[in-house]
Q: 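Below is a structure I'd like to ask you about.
Worth saying up front: this structure is predicted, and the values here are computed from it rather than measured. Both backbone and side-chain heavy atoms feed into the values below; hydrogens, waters and symmetry mates do not.
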Amino acid sequence: MLTLIVKFEVKPEQLETFKQVLNDNKLGSVNEPGMLEMRFFEGKDSPTTIFAYERWASAEAHQAHVNQPYAKTLLQLAETALASPLEVMNLKDTAAAPLHENNPKQVQPQDEVFSIFFIFKIKQEFRAQLLQQFTSHVQCTRSEEPGNLVFDLYTVEGQDDTLVIYEHWRTESDLWDIHFHQPYAIETGKVLEQAIVGDMKQYMNFVNEF
């Protein structure tokens with residue numbers, strides 16, 4: 001499986017056009033057998049920052065997608081609509097999860113889904129310790145917290161100093177008022193305080209799906 005996050009910084013005057021072309025790309029890809037998941041998010045405080053989260057059956061399936069006309073239209077528009085070059089992150093599972101559409105913890109009508117891309121830089125000497133700490137953190141979050149919908153930790157190919165947490169919560173309070181008070185989250189926080197480069201808050205991207 002190939003999992004990607006693509007980050008787009010879109011020029012404000014091109015935002016609506018770019019989002020429409022993204023959605024056309026998603027609609028076209030539905031009929032591709034190798035497309036497993038494609039979701040788009042915009043920043044809560046910066047709607048011109050857009051994240052694509054994609055899962056493909058293989059690298060070959062993704063390459064076949066890139067050659068489709070709707071994907072070519074998107075890439076062509078990106079040449080003029082973006083304020084900076086797009087950023088592609090090839091993700092590697094650290095604790096494999098089922099496809100999110102098959103997740104037994106489905107969104108309920110009363111949920112106010114709170115989503116985050118936490119993409120952070122770490123000091124290399126803490127990488128092994130942090131990945132070990134997250135082993136139990138990820139498992140406990142998924143199995144013991146009913147307020148959590150998705151909690152995935154990834155490494156990034158070619159960037160040993162970067163980790164990614166992709167997470168969805170039923171409500172914002174499930175994260176701040178419950179998750180961060182769990183013993184495993186407290187222990188992880190202690191390691192992160194030593195391991196992370198700079199201020200943790202700068203790496204948290206709060207997003208809305210569209």
Q: Who passes side chain to side chain contact (heavy atoms under 4.5 Å, CB included) against Val88, sequence neighbours left out?
A: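 In terms of side chain to side chain contact (heavy atoms under 4.5 Å, CB included), with neighbours along the sequence ignored, Val88 is linked to Leu4, Val6, Leu86.
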Q: As a quick check of understanding, evaluate side-chain contact (heavy atoms from CB on, under 4.5 Å) for Arg127 and Glu125, giving each step before the final call.
A: CA-CA 6 Å; Arg127 189 175 191 270; Glu125 62 267 29; over 6 Å; no
Q: Name the one of Leu130, Val156, Leu192 that satisfies side chain to side chain contact (heavy atoms under 4.5 Å, CB included) with Leu163?
A: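 Output: one option passes, namely Leu130.
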Q: To the nearest 0.5 Å, how far apart are CE in Met89 and OG1 in Thr3?
A: 12.5 Å
Q: Is the shortest heavy-atom distance from the side chain of Val66 to the side chain of Gln63 under 4.5 Å?
A: yes
Q: So Phe51 and Phe40, ring-ring contact (aromatic ring centres under 6.0 Å, His included) or not? Walk me through it.
A: CA-CA 6 Å; Phe51 293 90; Phe40 300 123; over 10 Å; no
Q: Between Glu187 and Lys190, is there a side-chain N and carboxylate O pair less than 4.0 Å apart?
A: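 Here Glu187 pairs with Lys190 in a salt bridge, since their nearest N and O are under 4.0 Å apart.
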Q: Nearest 0.5 angstrom please: Leu27 CG to Met38 CE, how far?
A: 10.0 Å
Q: What about Phe180 and Val191, same hydrophobic cluster or not, with Ile/Leu/Val/Met/Phe/Trp/Tyr joined at side-chain heavy-atom distances under 4.5 Å?
A: yes
Q: Any side-chain heavy-atom pair from Thr162 and Thr155 closer than 4.5 angstrom?
A: no
Q: Salt bridge check, Glu157 against Lys92: does any charged N sit closer than 4.0 Å to a carboxylate O?
A: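 Yes, charged N to carboxylate O under 4.0 Å.
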Q: Locate the shortest heavy-atom distance separating Thr171 from Ser173; write the atom from each residue and the value.
A: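 Residues Thr171 and Ser173, closest heavy atoms: OG1-OG, 3.0 Å.
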Q: So, using ring-ring contact (aromatic ring centres under 6.0 Å, His included) as the criterion, who are the partners of Phe118 when residues are at least two apart?
A: Phe120
Q: Is the shortest heavy-atom distance from the side chain of Thr188 to the side chain of Gln133 under 4.5 Å?
A: yes
Q: Nearest 0.5 angstrom please: Thr17 OG1 to Lys11 NZ, how far?
A: 12.5 Å
Q: Asp152 and Tyr53: side-chain contact (heavy atoms from CB on, under 4.5 Å), yes or no, with the steps?
A: CA-CA 12 Å; Asp152 297 343; Tyr53 177 88; 4.0 Å; yes
Q: Can you tell me how far apart OG (Ser136) and OH (Tyr184) are? Round to the nearest 0.5 Å.
A: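 Taking OG in Ser136 and OH in Tyr184, the distance rounds to 9.5 Å.
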Q: Identify every side-chain donor-acceptor pair in residues 197-210 under 3.5 Å, counting partners at least two apart or on other chains, and give the distances.
A:
from: Gln202; atom 1: NE2; to: Asp199; atom 2: O; distance (Å): 3.2
from: Tyr203; atom 1: OH; to: Val197; atom 2: O; distance (Å): 2.3
from: Asn205; atom 1: ND2; to: Phe117; atom 2: O; distance (Å): 3.0
from: Asn205; atom 1: ND2; to: Tyr203; atom 2: O; distance (Å): 3.3
from: Asn208; atom 1: OD1; to: Lys44; atom 2: NZ; distance (Å): 3.0
from: Glu209; atom 1: OE1; to: Arg39; atom 2: NH2; distance (Å): 2.9
from: Glu209; atom 1: OE2; to: Arg39; atom 2: NE; distance (Å): 3.0

Q: Locate the shortest heavy-atom distance separating Thr141 from His179; write the atom from each residue and the value.
A: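 Thr141 and His179 have their closest heavy atoms at OG1-CE1, 3.2 Å.
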Q: Under a 4.5 Å side-chain heavy-atom rule over Ile, Leu, Val, Met, Phe, Trp and Tyr, are Val10 and Val21 clustered together?
A: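 Yes, Val10 connects to Val21 through the hydrophobic network.
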Q: Report the residues that fulfil ring-ring contact (aromatic ring centres under 6.0 Å, His included) with His62, sequence neighbours left out, ordered by chain and then residue number.
A: Trp56
Q: Any side-chain heavy atom of Glu42 within less than 4.5 Å of one from Thr49?
A: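 No, too far: nothing below the 4.5 Å cut-off.
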Q: Can Ile5 be reached from Val138 by stepping across I, L, V, M, F, W or Y side chains whose heavy atoms are under 4.5 Å apart?
A: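 In one cluster: no.
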Q: Considering all heavy atoms of both residues, which atom of Lys105 and which atom of Glu145 are nearest to each other, and what is their separation?
A: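 Between these two residues, the closest heavy atoms are NZ-O, 3.4 Å.
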Q: Are there over 12 heavy-atom neighbours, none belonging to Glu112, within less than 6.0 Å of that residue's CD?
A: no
Q: Are any non-hydrogen side-chain atoms of Asp174 and Asn148 less than 4.5 angstrom apart?
A: no
Q: Strictly under 6.0 Å, is that where the ring centroids of Phe8 and Phe18 end up?
A: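 Ring centres of Phe18 and Phe8 closer than 6.0 Å.
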Q: Check Glu32 against Ala64 and note the closest heavy-atom contact, atom names and distance.
A: OE1-C, 4.4 Å
Q: For Gln110, check side chain to side chain contact (heavy atoms under 4.5 Å, CB included) against everything at least two apart and list the hits.
A: Gln108
Q: So with a 6.0 Å cut-off around CD of Gln76, is the heavy-atom count from everything else above 12?
A: no
Q: From Ile178 CD1 over to Leu175 CG, what is the distance, rounded to the nearest 0.5 angstrom?
A: 10.0 Å
Q: Would you call the rings of His168 and Phe41 parallel, tilted or perpendicular, where under 30° means parallel and over 60° means perpendicular?
A: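 Ring orientation of His168 relative to Phe41: parallel.
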Q: For Gln14, what residues pass the side chain to side chain donor-acceptor pair (under 3.5 Å) criterion, not counting sequence neighbours?
A: none
Q: Distance-only, no hydrogens or angles: does the Tyr70 side chain make a donor-acceptor pair with backbone N or O of Gly28 under 3.5 Å?
A: yes
Q: Of the non-hydrogen atoms in Ala61 and Gly34, which two are nearest, and what is the gap between them?
A: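 Closest pair (atom of Ala61, atom of Gly34, distance): CB-CA, 3.7 Å.
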Q: Do the side chains of Lys19 and Asp24 get close enough for a salt bridge, i.e. N-O under 4.0 angstrom?
A: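 Between Asp24 and Lys19 there is no salt bridge, as every charged N stays at least 4.0 Å from the carboxylate O atoms.
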Q: For Lys26, is there any backbone N or O sitting under 3.5 Å from a side-chain donor or acceptor partner on Ser29?
A: yes
Q: Considering non-hydrogen atoms only, spot the tightest contact between Asn67 and Lys72 and give its length.
A: O-CE, 3.4 Å
Q: Are side-chain heavy atoms of Leu153 and Thr135 found at a separation under 4.5 Å?
A: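 SC-SC contact between Leu153 and Thr135 ruled out.
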Q: Begin from the C-alpha positions of Ile165 and Phe151 and carry the test side-chain contact (heavy atoms from CB on, under 4.5 Å) through to its verdict.
A: CA-CA 7 Å; Ile165 300 177; Phe151 196 92; 3.8 Å; yes
Q: Let me confirm one number: the CG-CZ distance from Leu149 to Arg142, rounded to the nearest 0.5 Å.
A: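 Atom-to-atom, Leu149:CG and Arg142:CZ are 12.5 Å apart.
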Q: Contact between Leu91 and Leu2 at the side-chain level, heavy atoms closer than 4.5 Å - yes or no?
A: no
Q: With the side chain counted from C-beta on, respond yes when Gln194 and Ile122 share a heavy-atom pair under 4.5 Å apart, and no when they do not.
A: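 Side-chain contact under 4.5 Å: no.
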Q: As a quick check of understanding, evaluate side-chain contact (heavy atoms from CB on, under 4.5 Å) for Thr94 and Tyr154, giving each step before the final call.
A: CA-CA 6 Å; Thr94 59; Tyr154 299 102; 5.7 Å; no
